[in-house]
Number of protein chains: 2
Amino acid sequence: MDQNRVTPKILPSTPSAVNPPLLIGDLLRSSVRMAGENQIVYRDITRLSYRQFEQRVHQLAHLLTEQGVKAGDVVAVLDWDSHRYLECFFAIPMLGAVLHTVNVRLAPEQILYTMEHAEDMFVLTHEDFLAQLEPLAEQLPRVKGYLLCQDHPAPVSTSLNLIGEYETLLAKQPTHYDFPTFDEQAVATLFYTTGTTGNPKGVFFTHRQLVLHTLAEANIFQTPGFELLNRNKVYMPITPMFHVHAWGVPYTATFMGATQVYPGRYEPEMLVKLLVSEKVDVSHCVPTLLNMVVSAEPIASGKIKLDGWHVLIGGSALPQGLAKKAHLLGIDTRTAYGMSETCPLLTAAVLPKDLAESDFDTQLPWRCKTGLPVPLVDLQLVDEEGQLVPADGETVGEIRVRAPWLTQAYYKEQERSEELWRDGWLHTGDVAVQDERGFIQIRDRIKDVIKTGGEWVSSLEIENLISQCEGVAEVAVVGVADARWGERPAALVVASTPDHPPCLDQLRASLLKAVEGGRINKWAIPEQIELVDAIPKTSVGKLNKKLIREQLKAADPAAS
Amino acid sequence: MDQNRVTPKILPSTPSAVNPPLLIGDLLRSSVRMAGENQIVYRDITRLSYRQFEQRVHQLAHLLTEQGVKAGDVVAVLDWDSHRYLECFFAIPMLGAVLHTVNVRLAPEQILYTMEHAEDMFVLTHEDFLAQLEPLAEQLPRVKGYLLCQDHPAPVSTSLNLIGEYETLLAKQPTHYDFPTFDEQAVATLFYTTGTTGNPKGVFFTHRQLVLHTLAEANIFQTPGFELLNRNKVYMPITPMFHVHAWGVPYTATFMGATQVYPGRYEPEMLVKLLVSEKVDVSHCVPTLLNMVVSAEPIASGKIKLDGWHVLIGGSALPQGLAKKAHLLGIDTRTAYGMSETCPLLTAAVLPKDLAESDFDTQLPWRCKTGLPVPLVDLQLVDEEGQLVPADGETVGEIRVRAPWLTQAYYKEQERSEELWRDGWLHTGDVAVQDERGFIQIRDRIKDVIKTGGEWVSSLEIENLISQCEGVAEVAVVGVADARWGERPAALVVASTPDHPPCLDQLRASLLKAVEGGRINKWAIPEQIELVDAIPKTSVGKLNKKLIREQLKAADPAAS
């Protein structure tokens with residue numbers, strides 16, 4: 001970075017000039033002007049215009065100020081996806097305070113750890129989480145009060161220091177708050193990411209980072225060859241808002257002035273009801289969730305039609321089999337890639353002009369790739385010595401990135417922060433190849449790469465192939481220890497219809513075809529394939545490869 | 001700004017973390033990835049892919065470095081709109097140097113003034129300007145060398161210190177330059193704006209400002225209700241690149257990866273030829289230029305069809321008569337507003353959802369309004385005491401703005417800089433009203449407002465009405481001194497067909513109808529209306545109201 005130091009011309013501003021910082025409030029002001037009558041919907045309960053929404057953001061700011069929340073304070077939110085949560089996305093950072101989006105799927109001791117570590121001083125919580133919070137409250141002496149979120153206000157009995165109910169208190173506040181301006185490097189949001197080992201790690205994002213991420217995401221979402229979201233579309237998240245700000249899309253959708261639908265707790269009936277009744281155009285979720293939706297009987301059978309629905313897939317690779325299954329139901333899939341540490345957007349599978357004009361089968365492999373780096377992202381694939389690997393579609397390297405929206409540290413974790421940012425690049429821990437068109441394709445997490453007989457085997461590639469075999473609903477491939485080869489791939493498979501499980505010999509036969517076609521080498525065919533009812537997942541719906549390895553080991557007769 | 005000081009949380013980065021600055025080079029890198037095969041075309045001479053264009057930017061950087069250009073240096077460009085100019089838009093700022101876009105339409109002594117004031121140390125010039133530069137060279141001792149731009153390389157004879165010809169020297173350079181990174185507040189561009197009095201004033205823009213302007217412009221251009229430009233469209237400027245970076249659109253088009261056509265010197269035959277042969281979708285120009293195009297015989301008669309062409313209008317208000325005339329030829333018009341000091345984009349006439357779905361006649365007045373402030377722009381209408389005026393569609397106020405891309409001073413002009421930025425707002429000098437939907441409508445330049453009998457009359461409103469009368473090609477309205485009323489409006493009118501000039505009595509009669517309809521008051525009807533062959537314009541094609549006043553005074557029998 002510094003090899004190439006230069007001294008450009010920097011000119012003074014005239015004393016009275018103002019160069020405004022990039023602040024989250026700017027994103028909202030613009031959409032109210034452009035789409036003030038569009039709506040923000042919560043389940044079948046609440047329906048707000050952008051103008052009303054803006055007033056409520058101002059009211060929430062008054063309410064929090066009344067409760068002693070000041071710039072620099074950390075405010076925790078435990079809620080399902082709601083209009084209230086979106087109000088917190090704006091009001092809390094706009095005060096100069098920090099929004100801590102608590103992962104409500106964590107175990108109580110992890111929730112306690114994150115709330116203590118974040119130094120939360122005020123908490124908004126849905127009534128569903130009261131029972132979880134009550135035993136923790138004594139160990140959270142910094143928290144000055146709890147604000148109750150309910151869908152239908154009703155008295156509750158709790159030992160928490162409740163200051164009242166959200167809607168009731170909001171209604172009493174003035175509808176204009178004179179928001180301050182401040183440094184764009186101020187922290188706006190904070191949340192925790194969990195690995196399979198160690199304590200959760202806090203990542204944080206500044207106003208500047210979130211504004212730039214939103215501008216870039218809005219551009220990508222409107223680009224031909226991706227075309228996901230704009231002012232005239234209806235958006236509903238199916239990635240929780242506590243998870244990397246639902247990939248930043250609530251900010252982007254608000255910035256665009258799109259109609260937004262928040263589904264509350266993810267209940268299959270409510271999700272499908274809203275998708276249909278609100279005519280949702282766009283959602284995002286992990287592949288396993290999309291798989292659940294397209295496999296559900298009324299959807300798979302065509303009783304409920306979701307054609308015209310566009311789904312952005314992230315979190316894990318989109319198997320081609322799943323993209324095709326969705327396509328046959330009229331559901332359009334797009335993929336993007338990122339991680340908690342990266343805000344998250346890094347790449348998107350934007351189809352080049354020629355492919356955008358091709359038929360679905362030609363597009364399929366490209367739609368399922370990790371994609372092209374989005375604007376302002378500098379992305380490299382490097383080997384273990386940090387040298388660039390060739391973009392030949394074959395040579396694997398670790399993805400490392402720079403962009404104006406990457407977490408600049410793990411909160412209060414010096415050692416892990418330096419490990420993440422060694423050599424001045426954020427190391428994603430993902431290994432990938434890049435083809436001659438510049439498309440990235442992730443092959444594995446570095447720690448999930450299978451090494452068999454000295455060869456690297458991509459678990460994702462094998463999962464992709466198996467996912468396309470008849471009768472397969474879901475599949476996970478991991479490396480299991482092998483005395484002779486170091487590791488050997490092994491697979492867990494879930495049948496589409498439990499009464500007619502896929503034939504494992506046919507499955508092996510189709511993998512052999514892929515060997516003959518030169519797509520994989522023969523070491524890549526799993527010896528051990530187990531039919532199971534379900535595959536272990538992490539709290540955010542990804543394959544839990546650690547547990548899968550244990551399950552396969554337990555099931556392997558040779559290992560006992 | 002400071003009434004409301006707060007202390008938000010600012011957290012340290014881990015030492016190895018990198019938070020990249022916003023630099024112009026980022027805009028190019030992204031488009032090469034997304035649209036590397038799209039083209040950049042120059043007249044019927046040159047055709048480059050984005051990949052080739054990027055290589056040439058690197059080659060130009062090598063060439064300039066070889067000539068001693070370093071970060072902080074100012075490099076002047078005198079060229080017609082070309083791929084070379086676009087290469088300068090990138091290569092010069094990417095080196096950390098400053099691009100001075102010289103207004104080649106200025107008088108020689110003004111060109112000299114600006115080149116001296118800017119402290120240009122190297123010059124790229126088209127051969128068309130050699131004769132203008134030769135007598136100035138002696139008074140520009142800072143200039144170390146001149147690089148010649150020619151459409152067809154051939155020897156020239158000149159007294160200038162020529163280092164050679166652009167294409168010939170470029171071809172010798174390596175195709176990869178290791179560009180530096182530096183502070184995003186570094187100045188990237190500098191150019192001069194002329195008023196009717198005093199020396200030209202230098203305005204300058206930083207990398208940060210241009211990147212943010214580009215991101216915002218790209219969003220607006222892809223927004224429903226505006227939908228002007230994207231990767232799949234073909235763009236050709238008809239506002240010179242020396243004029244506020246052709247409104248920033250070459251940066252935005254490059255960022256999007258759109259196909260771009262540069263027409264060189266604006267020659268009617270070449271412009272029309274390129275519009276047709278390159279299937280240009282999108283251009284931008286001042287209203288007078290659009291009027292010239294739609295009035296040209298082969299276009300007005302339908303011999304040459306331009307249907308499907310989208311034109312962004314700025315610089316002056318778009319008269320409804322002109323928008324309608326264009327519409328009847330299948331040409332779509334959009335308006336935006338800004339000025340040299342504002343980079344320029346401030347507002348765009350983005351149609352709200354209901355209007356976007358209406359017919360053209362319903363849309364017409366909205367299409368011709370100044371529009372809604374674009375994202376990140378804070379715009380207010382204030383009275384002479386700096387108090388906000390109501391958004392009632394009637395009360396006029398001056399437009400003052402803040403945005404992250406406004407010039408922070410006039411270059412080396414302390415007093416005029418403070419005057420521009422008094423009270424911490426950039427004062428546009430435009431007076432406008434705002435309606436209940438938030439749309440801004442400019443009524444006049446503060447200095448062009450007509451005050452008659454104590455009432456304010458909007459010259460633009462009268463121009464708008466006259467422009468819609470039969471037989472009127474063009475019109476300008478100004479206030480002329482009047483002993484009794486202070487000022488009275490007077491008009492210059494150009495006939496569509498000189499042989500059948502419009503009937504001035506009919507014209508007055510139709511204005512009387514507007515009085516009866518309550519649209520204007522009776523003082524607004526010009527007593528003096530003169531038929532003329534042409535209306536005086538400034539060097540950028542705007543009405544030259546100073547000269548118009550003189551012409552009307554000279555023509556007025558009562559004044560003699």
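Naming convention: chains lettered A, B, ... in sequence-line order (proteins, then strands); numbering from 1 in each chain.
- Scanning all heavy atoms of the two residues, the minimum distance from B:Pro375 to A:Ser30 falls at CG-OG, 3.4 Å.
- A side-chain N or O of A:Asn219 and one of B:Gln222 form a donor-acceptor pair less than 3.5 Å apart.
- Only the backbone of A:Pro12 comes within less than 4.5 Å of a heavy atom in chain B; its side chain stays farther off.
- The structure places CD of A:Glu415 at 10.5 Å from OG1 of B:Thr14, a figure rounded to the nearest 0.5 Å.
- Contacts of B:His117 classified as side-chain hydrogen bond (donor to acceptor under 3.5 Å, both in side chains), with partners at least two apart in sequence or in another chain: B:Tyr192.
- Between A:Asn232 and B:Lys353, the side chains place no donor N or O within less than 3.5 Å of an acceptor N or O (distance only, hydrogens not considered).
- At least one side-chain heavy atom of B:Arg231 sits less than 4.5 Å from a side-chain heavy atom of A:Val350.
- With a 4.5 Å cut-off on non-hydrogen atoms, B:Leu11 touches chain A through its backbone and its side chain both.
- Using a 4.5 Å cut-off between heavy atoms, A:Val98 touches chain B through its side chain atoms alone.
- Smallest separation of non-hydrogen atoms from A:Pro404 and B:Leu22: CG-CD2, 4.1 Å.
- Interface summary for chain B: among A:Asp26, A:Leu372, A:Asp183, the most heavy-atom pairs under 4.5 angstrom belong to A:Leu372.
- In terms of non-hydrogen atom pairs under 4.5 Å with chain B, the most contact-rich of A:Ser13, A:Gly257, A:Gly96 is A:Ser13.
- In this structure, the side chain of A:Arg437 does not engage the main chain of B:Arg33 through any donor-acceptor pair within 3.5 Å.
- Heavy atoms closer than 4.5 Å to chain A are found in the backbone of B:Leu351, but not in its side chain.
- A:Gln185 touches chain B through backbone and side chain together, each having a heavy atom under 4.5 Å away.
- Residues A:Met34 and B:Pro373 share a closest heavy-atom pair of CE-O, 3.4 Å.
- Comparing A:Ala35, A:Pro8, A:Pro224 by heavy-atom pairs within less than 4.5 Å of chain B, the highest count is held by A:Pro224.
- Of the listed residues (B:Ala71, B:Ala17, B:Gly225), the one with the most heavy-atom contacts under 4.5 Å to chain A is B:Ala17.
- No part of A:Phe439 comes within reach of chain B, as not one of its non-hydrogen atoms sits under 4.5 angstrom from that chain.
- Side-chain contact between B:Leu376 and A:Leu215 is present, with at least one heavy-atom pair separated by less than 4.5 Å.
- For B:Ala218, the parts lying under 4.5 angstrom from a heavy atom of chain A are both the backbone and the side chain.
- Proximity to chain A (any heavy atom under 4.5 Å) is shown, for B:Tyr410, by neither the backbone nor the side chain.
- Within the 3.5 Å criterion, the main-chain N or O of B:Ser16 finds a donor-acceptor partner in the side chain of A:Glu418.
- Of the residues considered (A:Leu426, A:Thr407, A:Asp378), A:Asp378 shows the highest number of contacts with chain B, using heavy-atom pairs under 4.5 Å.
- Looking at A:Ile220, the atoms closer than 4.5 Å to chain B (heavy atoms on both sides) all sit in the side chain, from C-beta outward.
- Contact count versus chain A (heavy atoms, under 4.5 Å) is highest, among B:Ala409, B:Gly25, B:Ala403, for B:Ala403.
- The shortest heavy-atom contact between A:Val6 and B:Phe182 is CG2-CD2, 3.8 Å.
- Across B:Gln209, B:Gln408, B:Arg29, B:Glu413, the residue that shares the most heavy-atom pairs under 4.5 angstrom with chain A is B:Gln408.
- Contact annotation for A:Glu37: neither backbone nor side-chain heavy atoms come within less than 4.5 Å of a heavy atom of chain B.
- Only the side chain of B:Phe255 has a heavy atom closer than 4.5 Å to any heavy atom of chain A.
- A:Ile10 has its side chain out of reach of B:Thr206: every pair of non-hydrogen atoms, C-beta onward, lies at least 4.5 Å apart.
- Looking at B:Thr223, the atoms closer than 4.5 Å to chain A (heavy atoms on both sides) sit in the backbone and in the side chain alike.
- By the 4.0 Å N-to-carboxylate-O rule, A:Lys9 lies too far from B:Asp73 to be salt-bridged with it.
- A salt bridge links B:Glu184 to A:Arg208: one of the charged nitrogens lies within less than 4.0 Å of a carboxylate oxygen.
- For B:Asp354, no part lies near chain A; criterion is any non-hydrogen pair under 4.5 Å.
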